[in-house]
Chemist: 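One structure follows; several queries about it will come next.
Note that this is a predicted model, so its numbers are computed, not measured. Atom set for the values below is all heavy atoms of this structure, side chains included, hydrogens, waters and symmetry mates excluded.
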Amino acid sequence: MITDKQTIIEEVRAISHQLCEWRRHLHQYPELSFQEYETGRFVSSKLNEFGNISVQTNVAKTGVVGTLSSGSGPTIAIRADMDALPILEQNTHSYRSKRDGVMHACGHDAHTAILLGIAKIFSDRCKEGKMSGTIKFLFQPAEEDPDDEGLSGAPRMIQEGILDDVETVVALHVCPWHPVGVIQVNDGYSMANVDVFHAKIIGSGGHGGYPHLTKDPIWMLGSVLQAFYGLVSRRISPLDTAAASIGKINTGTASNIIPEEVSITGTLRTYSPEAREQLIKEVENVFKITESFGGSYTFNVERGEPALKNDPAVNALLVQTARDLYPEIQVEREPFGMGGEDFGYMTQKIPGAMFFLGCSLEDGKNRDLHTNIFDIDERCLEMGVSILAETADRLLAGKGL
């Protein structure tokens with residue numbers, strides 16, 4: 001039990017105005033993945049203003065890492081993502097995006113503001129001799145979209161050694177399906193492995209009036225689709241979490257020409273590594289059906305981020321901390337869904353956890369993630385700073401793990 005729970009609450013309340021200012025500034029100037037140049041400069045300028053944080057820029061291309069050390073102790077990390085999405089904002093508030101077609105529709109502006117607030121609090125504590133150990137503040141680029149080599153910001157940071165000396169990493173994500181005062185946690189796999197497949201059904205084209213002289217790939221497609229959409233219910237165990245969807249089919253040039261090939265692109269989502277491998281294999285087997293019709297196929301998979309796996313001990317500390325600080329807080333325990341989260345690369349390497357922080361506005365509108373009216377109740381900013389900062393303090397003190 002913390003000795004004085006009001007300490008962190010009061011520290012955060014003292015910077016609540018700054019939290020909103022930072023978040024609204026970032027919201028007005030969103031930047032896409034690996035283009036967070038102004039965002040990185042804003043973050044690094046604030047960290048430098050705090051005065052005692054070592055600042056490293058151009059991490060994973062456009063990321064920023066602040067390191068604060070004071071005496072011996074553990075090394076921990078707190079992560080926030082900084083990138084926005086290619087969405088035209090439809091909100092009318094005063095701080096709406098000033099960049100048409102780019103919007104913070106996933107709350108990364110809030111995540112960045114929250115981490116800046118935590119850095120400010122620990123910077124002040126360090127100056128007063130009230131901190132021992134090392135904290136790394138990871139302002140990560142490109143959670144939403146990978147680079148030309150298929151890597152997003154988290155694996156790029158890991159490649160550059162940012163986590164090599166870190167013992168535990170924590171993060172949060174704002175959550176529009178819960179109001180302020182609710183957090184959602186889940187032990188183990190909590191968000192999906194994300195894989196994209198690209199396939200072609202290859203036949204031989206010809207005149208639409210003489211289909212018997214062709215090997216029609218569109219005809220073959222019918223059998224492929226029927227088999228594909230039965231995979232999860234008939235080939236994957238009902239005890240495994242999985243989803244398979246086709247999002248794009250391209251073929252043909254005219255009504256009377258049977259094409260030579262059909263291109264198909266889709267996404268595969270799973271939780272466990274075993275289900276991931278099985279689903280990829282089963283999807284490829286579906287395309288082998290074309291061979292029995294005299295056709296052929298190509299199939300390849302772009303492997304995306306691994307499933308987010310939350311460490312139960314870190315989760316337990318986060319939950320206990322939240323309850324100590326906010327006795328009335330509601331804790332929902334369930335997986336976060338089939339979306340992807342590249343924080344999974346970090347918890348794959350070292351123990352860590354992410355929790356979802358209720359942020360919904362009380363206006364009756366569905367302001368879901370990745371929508372053009374996404375917005376948050378800014379009261380969640382203080383709660384996010386308090387829970388993560390106090391959790392970090394306990395990790396530095398060696399409590400809970």
Side-chain angles (χ1 to χ4, degrees), residues 36 40 43-44 46-48 50-82 111-112 114-143 151-173 305-306 308-318 321 341-355 385 387-401:
E36 306 93 333
V43 166
S44 59
K46 294 302 175 185
L47 295 177
N48 283 319
F50 300 159
N52 55 351
I53 297 175
S54 173
V55 181
Q56 184 180 356
T57 59
N58 302 318
V59 179
K61 301 181 181 179
T62 49
V64 179
V65 174
T67 303
L68 183 63
S69 294
S70 179
S72 61
T75 297
I76 66 167
I78 310 173
R79 174 268 204 174
D81 38 15
M82 303 190 298
H111 304 167
T112 301
I114 286 170
L115 188 52
L116 280 173
I118 298 168
K120 168 65 174 168
I121 285 169
F122 277 99
S123 172
D124 291 343
R125 288 184 181 180
C126 189
K127 292 171 185 175
E128 297 170 1
K130 297 179 180 178
M131 174 190 153
S132 182
T134 299
I135 303 182
K136 286 187 172 183
F137 308 103
L138 311 182
F139 294 89
Q140 180 204 303
E143 191 279 328
L151 294 177
S152 58
R156 286 291 182 201
M157 280 190 149
I158 292 170
Q159 283 183 350
E160 294 180 20
I162 296 303
L163 293 182
D164 286 355
D165 58 346
V166 175
E167 298 167 37
T168 311
V169 61
V170 291
L172 59 73
H173 200 297
E305 55 263 36
L308 170 64
K309 188 175 185 180
N310 289 321
D311 184 274
V314 180
N315 257 351
L317 180 60
L318 282 165
T321 300
E341 170 55 71
D342 81 344
F343 186 61
Y345 284 107
M346 295 189 177
T347 62
Q348 189 180 56
K349 181 175 176 62
I350 61 174
M354 168 183 281
F355 71 94
V385 173
I387 294 172
L388 279 184
E390 181 59 29
T391 298
D393 192 55
R394 296 180 183 197
L395 287 169
L396 290 174
K399 298 177 183 178
L401 297 182

Chemist: So, Glu143 side chain and Asp81 main chain: donor-acceptor pair closer than 3.5 Å or not?
Modeler: no
Chemist: Before you tell me yes or no, could you show the steps for Gln56 and Ile162 under side chain to side chain contact (heavy atoms under 4.5 Å, CB included), namely the whole-Å CA-CA distance, both residues' side-chain angles and the distance that decides it to 0.1 Å?
Modeler: CA-CA 10 Å; Gln56 184 180 356; Ile162 296 303; 4.1 Å; yes
Chemist: Is Phe50 close to Asp124 at the side-chain level, that is, under 4.5 Å between some pair of heavy atoms?
Modeler: no
Chemist: Lys130: what forms a salt bridge (Lys or Arg N to Asp or Glu O under 4.0 Å) with it, not counting sequence neighbours?
Modeler: Glu128
Chemist: Quick check: does any side chain N or O of Asn48 sit under 3.5 Å from a backbone N or O of Ser44, one acting as donor and the other as acceptor?
Modeler: yes
Chemist: Which heavy-atom pair separates Ser69 from Thr134 by the least distance, and what is that distance?
Modeler: OG-OG1, 2.9 Å
Chemist: Using every non-hydrogen atom in the two residues, find where Thr347 and Ala353 come nearest and quote the distance to one decimal.
Modeler: CG2-N, 4.0 Å
Chemist: Look at atom NZ of Lys309 and say whether more than 12 heavy atoms of other residues, nucleotides or ligands are closer to it than 6.0 Å.
Modeler: no
Chemist: Atom CG of Leu115 and atom NZ of Lys120: how far apart are they, to the nearest 0.5 Å?
Modeler: 14.5 Å
Chemist: Could you tell me the separation between the NZ atom of Lys46 and the OG1 atom of Thr112, rounded to the nearest 0.5 Å?
Modeler: 13.5 Å
Chemist: Does Thr321 reach the main-chain N or O of Leu317 with its side chain, forming a donor-acceptor pair under 3.5 Å?
Modeler: yes
Chemist: Okay, side chain of Asn52, backbone of Ser123: is any donor-acceptor separation there less than 3.5 Å?
Modeler: yes
Chemist: Nearest 0.5 angstrom please: Phe122 CZ to Phe137 CZ, how far?
Modeler: 6.5 Å
Chemist: Measuring from atom CG of Asp342 to atom CD of Gln348, what distance do you get when rounded to the nearest 0.5 angstrom?
Modeler: 11.5 Å
Chemist: Evaluate the criterion side chain to side chain contact (heavy atoms under 4.5 Å, CB included) for residue pair Asp393 and Arg125; output intermediate values, then yes/no.
Modeler: CA-CA 11 Å; Asp393 192 55; Arg125 288 184 181 180; 3.5 Å; yes
Chemist: Nearest 0.5 Å, please: how far is CG in Leu172 from CG in Leu318?
Modeler: 9.0 Å
Chemist: Exactly one of Asn310, Leu388, Thr391 should register a side chain to side chain contact (heavy atoms under 4.5 Å, CB included) with Phe355. Which one does?
Modeler: Leu388
Chemist: Which atom names give the shortest non-hydrogen contact between Pro141 and Met82, and what distance separates them?
Modeler: N-CE, 4.3 Å
Chemist: Should Glu160 and Arg156 count as an ion pair when the cut-off is N to O under 4.0 Å?
Modeler: no
Chemist: What verdict does the side chain to side chain contact (heavy atoms under 4.5 Å, CB included) test give for Leu138 and Val64, after you've listed the backbone C-alpha separation in whole Å, the side-chain angles of each residue and the deciding distance to 0.1 Å?
Modeler: CA-CA 6 Å; Leu138 311 182; Val64 179; over 6 Å; no
Chemist: For a quick test of reading the model, state the closest non-hydrogen atom pair linking Ser152 to Ala142 and the distance between them.
Modeler: CB-O, 3.1 Å
Chemist: Looking at every non-hydrogen atom in both residues, tell me the closest pair between Ala60 and Gly153 and how far apart they are.
Modeler: CB-O, 3.9 Å
Chemist: Kindly say whether Gly352 contributes a backbone atom to a donor-acceptor pair with the side chain of Asp311 at under 3.5 angstrom?
Modeler: no
Chemist: For Ser72, does its backbone N or O pair with a side-chain atom of Ser132 as donor and acceptor, under 3.5 Å?
Modeler: yes
Chemist: Angle between ring planes, His173 versus His111, binned at 30° and 60°: parallel, tilted or perpendicular?
Modeler: perpendicular
Chemist: Keeping Lys136 on the side-chain end and Leu163 on the backbone end, is there a donor-acceptor pair under 3.5 Å?
Modeler: no
Chemist: Can you confirm whether the side chains of Asp165 and Thr75 place a donor and an acceptor under 3.5 Å from each other?
Modeler: no
Chemist: Do NZ/NE/NH1/NH2 and the carboxylate oxygens of Glu167 and Lys349 come within less than 4.0 Å?
Modeler: no
Chemist: Indicate yes or no for a side-chain donor-acceptor contact from Thr168 to the backbone of Ile76 under 3.5 Å, with no hydrogens or angles considered.
Modeler: no
Chemist: Check whether any side-chain heavy atom of Val43 lies under 4.5 Å from a side-chain heavy atom of Leu47, and answer yes or no.
Modeler: yes
Chemist: Show your working on side chain to side chain contact (heavy atoms under 4.5 Å, CB included) between Val166 and Met346 and close with a plain yes or no.
Modeler: CA-CA 10 Å; Val166 175; Met346 295 189 177; over 6 Å; no
Chemist: For Thr67 and Ser54, does a side-chain donor sit closer than 3.5 Å to a side-chain acceptor?
Modeler: no
Chemist: Determine the minimum heavy-atom distance between Phe139 and Met157, stating which atoms define it.
Modeler: O-CE, 3.6 Å
